[in-house]
Amino acid sequence: MHEMSIALSIVETLDAKAREEGAGRISGIDLVIGKLAGIEPESLRFCFSAAAKGTLAEEALLAIEEPEGLGECGECGITFPVSFYYAECPECRSLRVKIVSGEEFVIQSITIEDQEGE
Amino acid sequence: MCDTCGCASEGGAVLRKPGLNDYHVHISESGHNHEHTHEHGHHHQGRSRTLVLEQDVLHKNNLLAERNRGYFEARNIFVLNLLSSPGSGKTSLLEKIIPALQQHIPVAVIEGDQQTTNDAERMQALGVPVIQINTGSGCHLDALMINSAVKELELHDNSLLCIENVGNLVCPAMFDLGEALKVVIISVTEGDDKPLKYPNMFHEADLCILNKMDLLPYVDFDANKCRENAMRVNHHLEWFEVSAKTGEGVDAWQDWIKNKLKQH
């Protein structure tokens with residue numbers, strides 16, 4: 001259940017960042033979680049609501065973008081969508097596939113509201 | 001277009017801080033381009049700001065892991081992160097190889113488990129410096145735990161440090177500890193499709209050890225198929241077949257470690 005420790009770490013980082021900016025609360029958080037990142041977005045959402053209790057992120061809306069995995073064939077060089085690490089090149093059947101996208105796990109941005117904003 | 005994040009913000013003011021290349025704040029009156037601010041219904045203009053962070057979620061762990069790595073490199077400490085499901089024989093394998101390796105190089109161990117110091121006690125019996133990390137409810141070791149643990153261990157320069165991670169084939173794959181190599185261990189009493197079921201772990205590993213080879217005649221496990229499955233997930237994976245109980249194949253792995261130590 002690494003989603004819980006990850007949710008706690010996201011909340012801690014963003015709460016500190018929002019305080020540094022003098023914000024009253026965080027209203028939105030944009031995350032990018034690639035389909036191959038090893039994170040279940042639904043599980044993260046579930047943990048997030050618990051992790052955010054009592055912080056500036058408590059009411060934040062979580063928007064999660066999930067880019068598809070992309071592999072590049074080490075033999076013939078074509079790029080194609082992959083959903084697993086054990087992808088096979090659809091052209092030449094090679095297993096020498098390098099994952100070029102889909103492993104992202106990034107806090108893209110947050111929206112903060114000023115203290116007197118309510 | 002913003003040169004840091006590539007967003008389409010034009011002419012808006014951007015806050016930056018010296019020396020922090022990733023950090024910049026777009027100040028926009030309308031708040032946010034994304035839908036959810038509108039759904040949200042906070043219409044007070046000018047009070048909502050979007051901070052573009054583009055920060056890796058594991059940023060903090062990764063930074064600390066790099067700090068650990070730098071420390072290990074400076075002191076020429078070769079670090080292995082051992083990963084497996086519970087019961088595949090990580091501790092037994094260490095018990096088998098450490099006495100022989102100790103003849104060549106000082107060895108230390110960090111043990112990770114949710115509870116108990118059972119494994120650390122087994123390591124202590126070998127006469128190596130050892131520290132146990134009990135993660136409580138935690139399912140993996142992280143770079144901070146290692147950072148704290150090494151401060152408590154008397155590590156020698158030019159030595160080998162084995163980190164035995166929490167028994168789990170999922171979560172520990174995500175957390176860089178600052179190790180030189182990740183070693184994943186499976187045993188023939190598990191399924192030969194394990195690399196396909198837990199691809200993240202096998203994708204991250206540098207080396208795979210198939211343990212309990214002495215039990216192969218009694219179980220329904222195809223070692224070649226397992227290797228093939230592992231290679232499909234990660235074609236760079238090195239492969240060893242051993243039995244920590246009988247010692248079969250252990251020498252080959254020991255020689256591999258000794259070679260790595262020379263190159264390190």
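Proteins come first, then strands; the chains are lettered A, B, ... in the order of their sequence lines, and each starts at number 1. For the numbers below, each heavy atom of this structure counts, side chains included, while hydrogens, waters and symmetry mates do not.
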**Approximate separation, where rounding is to 0.5 Å, of A:I112 CD1 and B:T50 OG1** = 8.5 Å

**Message:** Counting only heavy atoms not in A:E58 (residues, nucleotides, ligands), do more than 12 fall under 6.0 Å from its CD?
**Reply:** yes

**Message:** So B:K60 and A:E12, do their side chains get closer than 4.5 Å, heavy atoms only?
**Reply:** yes

**Request:** Give me the contact list for residues 109-117 of chain B versus chain A, heavy atoms only, anything under 4.5 Å, ordered by residue number.
**Result:** none

**Request:** Using heavy atoms and a sub-4.5 Å threshold, report which of residues 88-101 of chain A line up against chain B, by residue number.
**Result:** A:L95, A:R96, A:V97, A:I99

**Asked** Is it the backbone or the side chain of A:A37 that comes under 4.5 Å from a heavy atom of chain B, or both, or neither?
**Response** backbone

**Request:** Applying side-chain contact (heavy atoms from CB on, under 4.5 Å), run through A:I6 and B:L58 and close with a yes or a no.
**Result:** CA-CA 8 Å; A:I6 283 168; B:L58 296 168; 4.2 Å; yes

**Request:** With rounding to the nearest 0.5 Å, note down the distance linking CG in B:N200 to CD in A:E103.
**Result:** 8.0 Å

**Request:** Against chain B, label A:E104 side chain, backbone, both or neither, depending on which of its atoms sit under 4.5 Å from a heavy atom there.
**Result:** neither

**Request:** Mind checking the OG-CG spacing from A:S9 to B:L144? Nearest 0.5 Å is all I need.
**Result:** 11.0 Å

**Message:** Within the 4.5 Å heavy-atom criterion, are A:T111 and B:R49 side-chain neighbours or not?
**Reply:** no

**Side chain proximity check, A:I39 to B:M174, heavy atoms < 4.5 angstrom** = yes

**Asked** Would you say the side chain of B:V57 lies within less than 4.5 Å of the side chain of A:V106, judging by non-hydrogen atoms?
**Response** no

**Message:** I need the A:L31 CG to B:Q55 CD distance, nearest 0.5 Å.
**Reply:** 11.0 Å

**Item:** Side-chain touch B:L53/A:K17, heavy atoms, less than 4.5 angstrom
**Value:** yes

**Request:** Answer with side chain, backbone, both or neither: which region of B:F175 has an atom nearer than 4.5 Å to a non-hydrogen atom of chain A?
**Result:** side chain

**Complete:** Note: A:F105 and B:D56 closest approach over all heavy atoms is O-OD1, 3.4 Å

**Item:** Interface moiety of A:I33 toward chain B, non-hydrogen atoms closer than 4.5 Å
**Value:** neither

**Asked** Under a 4.5 Å cut-off applied to non-hydrogen side-chain atoms, are B:H140 and A:S5 in contact?
**Response** yes

**Complete:** dist A:E3:CD -> B:C171:SG (nearest 0.5 Å) comes out at 7.0 Å

**Prompt:** Quick check: are there more than 12 heavy atoms from other residues, nucleotides or ligands sitting under 6.0 Å from CZ of A:R45?
**Reply:** yes

